[in-house]
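Please read the structure below before turning to the comments.
In what follows, every heavy atom counts, from backbone to side chain, and hydrogens, waters and symmetry copies are set aside.
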Amino acid sequence: MGYNTEYKGDMLFVKDVSGKQLNFLNKMFGEDCREHPEWGATELYYIDLKLNDDFSGICWNGAEKTYFLENAINVVIREMRKEWPDFALHGTISAQGDDIDDKYALVVSDDGFVHKRPIMCR
């Protein structure tokens with residue numbers, strides 16, 4: 001057992017991506033960050049992301065026990081920018097944890113990285 005969070009929504013590519021970029025992304029998805037110290041995120045687990053259905057962005061892959069998805073997306077952004085400095089995302093991913101009050105959104109901020117924004121419940 002454990003704590004689960006469901007994610008819904010997409011982070012869309014700001015610019016069209018090439019086949020080479022899609023291939024690079026696909027190689028990162030599902031990887032364990034602990035096995036890639038060069039990513040500088042060995043405190044994270046898996047990159048629980050996939051390309052969305054129309055290849056216009058990325059989304060959660062539905063993996064059970066996904067933690068710190070915002071950090072995983074930021075690893076992807078940082079790694080992509082090493083090869084393609086103008087790589088950027090926009091959009092929002094909504095999150096709902098097991099606890100009814102655990103609601104938040106992952107949004108791209110002005111700094112170009114994804115941040116967690118709480119959603120207040122009434």
Hey, is [atom1] on [X] packed in by over 12 heavy atoms from elsewhere, all under 6.0 Å?
X	atom1	result
Tyr45	OH	no
Asp16	CG	no
Phe68	CZ	no
Lys82	NZ	yes

Distance-only donor-acceptor hits, side chain of residues 53-61, under 3.5 Å, sequence neighbours excluded:
from, atom 1, to, atom 2, distance (Å)
Asp54, OD1, Ser56, N, 3.1
Asp54, OD1, Ser56, OG, 2.5
Ser56, OG, Asn52, ND2, 3.1
Trp60, NE1, Thr66, OG1, 2.9
Asn61, OD1, Ala63, N, 2.9

Please check: side-chain N/O of [X] versus main-chain N/O of [Y], any donor-acceptor pairing under 3.5 Å?
X	Y	result
Tyr3	Asp99	yes
Asn23	Gly19	no
Asp10	Leu12	no
Asn4	Asp98	no
Glu31	Arg34	no

Euclidean distance, [Y] [atom2] relative to [X] [atom1], rounded to 0.5 Å:
X	Y	atom1	atom2	result
Phe29	Ile47	CZ	CD1	8.5 Å
Ile119	Ser94	CD1	OG	5.5 Å
Asn74	Leu106	CG	CG	9.0 Å
Arg81	Asp86	CZ	CG	9.0 Å
Thr92	Lys8	OG1	NZ	13.5 Å
Trp84	Lys15	CH2	NZ	13.0 Å

Closest heavy-atom contact between [X] and [Y]?
X	Y	result
Ile73	Ile93	CD1-CD1, 4.0 Å
Arg117	Ser109	NH2-OG, 2.8 Å
Val17	Phe87	CG1-CE1, 4.3 Å
Tyr104	Pro118	CB-CA, 3.9 Å
Trp39	Arg78	O-NH2, 3.9 Å

Flag side-chain contact, heavy atom, 4.5 Å: [X] against [Y]:
X	Y	result
Met28	Val75	yes
His36	Glu79	no
Phe13	Leu51	yes

#### Entry: Cluster link Val107 to Leu89, ILVMFWY, side chain under 4.5 Å
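No; Leu89 is not reachable from Val107 via cluster members.
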
### Task
Consider only side-chain heavy atoms of I, L, V, M, F, W and Y, link residues closer than 4.5 Å, and tell whether Val14 and Val76 are in one cluster.
no

